[in-house]
Amino acid sequence: MVSINVTAAGKPIALARGLPMVVELPGKELENATIADVKSAIAKKYPRFYLDRQKITLKDSKNILADDVTLKVAGVVEGGELSVKDLGPQMSWKTVFLVEYAGPLFIHPAIYYFPKIFYGGHVQHSMLQRYVLAFVMLHFAKRELETLFVHRFSHATMPFMNIFKNSAHYHLGSGLALAYSIYSPMYGATSPYIRGTVRNNPLYIQAGAAIWLFSEISNLITHINLRTLRPAGSRKRAIPQGYGFNLVSFPNYFFEFLGWLVIAALTGSYAAWIFLVISTYQMYVWAIKKHRAYRKEFGSDYPRDRKAMFPFIA
């Protein structure tokens, strides 16, 4: 049996007022007892302090210990001490993704089909508006299905408050602002901005649609490839290979950028361009951070010429 002392890191934890405590793990040794076992023992005594709220570290350290790390590997000895911190209310990544992607699926049809409510009159929709509605609906329907059946998350949960921040990006940016701009009378069939211009040319719109479809299918392929890298229930990491990955570490971000670039270029909407800039900047920040992590983890085995997000550029 292993015995470990567990203390609160920093201020007392409201959900675990009895800390410090001694965690006993019957039938376990330092070689096979894991951080997850310690978390389970804490949660058993304090049920409201569930596993995903707990951050376990060595005493006087800020580095989180992963659930599958054994006590021996972590450097804990018999009778040693671990610290636990309350991460606050948590929500599953899957739930957050489903909620944030659902917003545009409701907002776009509402503004498109009920123009009198939003613009005070009827809008004779142009071919461009019909295509953009189809682009948005198919894109976010794909994202919902990927969340349910494709994505495997390295972490089970995120802080509860993140759902509001993440949802605002999609509900307001690619939802309300984009829909209100593009389905307005300015983009209607009788508008001088559309009538007699390239924006009403079927060949121009369909060429854009072909590029958009390519980007969406490519994005899906890269997500499926990423899924195969991580077995279910595992945090295993491997060097991504295959479609798109020979050029960049995160082709899924590049193809996402390309799809929104098509909408911005076809429409010329300020809302579309602003959303494109903000989302591309965020994806590039993520790509650079993860790209560096790949290089650090895999060292010389990681392809030297592979860029982070944009082929041959960066």
Side-chain angles (χ1 to χ4, degrees), residues 97-147 163-220 253-283:
F97 274 33
L98 291 174
V99 171
E100 65 188 30
Y101 297 150
L105 290 173
F106 289 97
I107 294 170
H108 277 259
I111 296 178
Y112 182 91
Y113 288 109
F114 302 100
K116 288 185 178 181
I117 296 176
F118 298 96
Y119 308 112
H122 175 71
V123 174
Q124 183 181 343
H125 291 122
S126 63
M127 180 181 182
L128 178 61
Q129 288 175 317
R130 293 194 294 271
Y131 268 72
V132 171
L133 177 65
F135 291 162
V136 172
M137 297 301 288
L138 289 171
H139 172 77
F140 284 105
K142 178 182 82 71
R143 297 289 284 267
E144 294 279 29
L145 291 173
E146 286 176 334
T147 299
I163 193 172
F164 300 102
K165 178 181 68 176
N166 291 23
S167 295
H169 175 71
Y170 291 101
H171 294 191
L172 300 180
S174 57
L176 187 61
L178 184 66
Y180 188 79
S181 168
I182 291 179
Y183 306 134
S184 70
M186 177 180 175
Y187 292 89
T190 60
S191 168
Y193 183 75
I194 297 296
R195 187 175 55 188
T197 72
V198 69
R199 293 184 179 85
N200 202 38
N201 184 323
L203 184 61
Y204 174 74
I205 295 174
Q206 289 165 5
I211 299 173
W212 178 88
L213 184 61
F214 162 76
S215 69
E216 290 292 312
I217 293 175
S218 297
N219 180 264
L220 174 61
Y253 291 160
F254 172 74
F255 292 126
E256 178 87 4
F257 153 78
L258 185 60
W260 287 109
L261 177 63
V262 168
I263 293 177
L266 286 179
T267 64
S269 164
Y270 287 118
W273 282 109
I274 290 172
F275 179 76
L276 174 67
V277 170
I278 293 174
S279 59
T280 301
Y281 170 77
Q282 182 62 75
M283 287 189 291

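- Side chain of His125 to main chain of Tyr112: a donor-acceptor pair is present (N/O by atom type, distance under 3.5 Å, no hydrogens or angles).
- When all heavy atoms are compared, the tightest approach of Val123 to Ser184 is CG1-O, 4.3 Å.
- At distances below 3.5 Å, not a single donor-acceptor pair connects side-chain atoms of His108 with backbone N or O atoms of Tyr183.
- In this structure, the separation between CD1 on Ile194 and CE on Met186 is 8.0 Å, given to the nearest 0.5 Å.
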Show every donor-acceptor pair shorter than 3.5 Å between a side-chain atom in residues 175-182 and any protein atom, with sequence neighbours excluded, or say none if there are none.
| from | atom 1 | to | atom 2 | distance (Å) |
| --- | --- | --- | --- | --- |
| Ser181 | OG | Ser269 | OG | 2.8 |

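- For the atom pair NE2 (His122) and CZ (Phe114), the distance works out to 13.5 Å, reported to the nearest 0.5 Å.
- A donor-acceptor contact shorter than 3.5 Å links the side chain of Gln129 to the backbone of Ser126.
- To the nearest 0.5 Å, atom CG of residue Asn219 and atom OH of residue Tyr253 are 10.5 Å apart.
- Nearest approach of Ser167 to Val99, heavy atoms of both residues: OG-CG1, 3.8 Å.
- In this pair, Tyr131 and Phe135 present their aromatic rings perpendicular. The plane angle is above 60°, beyond the 30 to 60° band.
- What you find for Ile205 and Arg199 is that their closest heavy atoms are CD1-O, 3.4 Å.
- A pairwise comparison of heavy atoms in Ser174 and Pro104 identifies OG-CG, 3.9 Å as the closest pair.
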What's the verdict on ring-ring contact (aromatic ring centres under 6.0 Å, His included) for Trp212 and His139, showing C-alpha distance, side-chain angles and the deciding distance? CA-CA 10 Å; Trp212 178 88; His139 172 77; 7.4 Å; no
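- A donor-acceptor contact shorter than 3.5 Å links the side chain of Thr267 to the backbone of Ile263.
- Pairing each heavy atom of Ala264 with each of Leu276, the nearest pair is CB-CD2, 4.3 Å.
- Going from atom CH2 of Trp260 over to atom OG1 of Thr280 covers 11.0 Å, rounded to the nearest 0.5 Å.
- Put simply, the residue from Glu144, Arg143, Lys142 that forms a side chain to side chain donor-acceptor pair (under 3.5 Å) with Tyr101 is Arg143.
- A distance of 11.0 Å separates CD1 in Ile111 from CG in Leu133, rounded to the nearest 0.5 Å.
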Side chain to side chain contact (heavy atoms under 4.5 Å, CB included) between Glu100 and Phe97, worked out: CA-CA 5 Å; Glu100 65 188 30; Phe97 274 33; 3.8 Å; yes
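- In terms of modelled atom types and a separation under 3.5 Å, the side chain of Gln124 and the main chain of Gly188 share no donor-acceptor contact.
- Atom-to-atom distance recorded for Ser279:OG and Leu261:CG is 10.5 Å, nearest 0.5 angstrom.
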Determine, step by step, whether Leu128 and Leu266 satisfy the side chain to side chain contact (heavy atoms under 4.5 Å, CB included) criterion, reporting the C-alpha distance in whole Å, the side-chain angles of both residues, the deciding distance to 0.1 Å, and the verdict. CA-CA 8 Å; Leu128 178 61; Leu266 286 179; 3.9 Å; yes
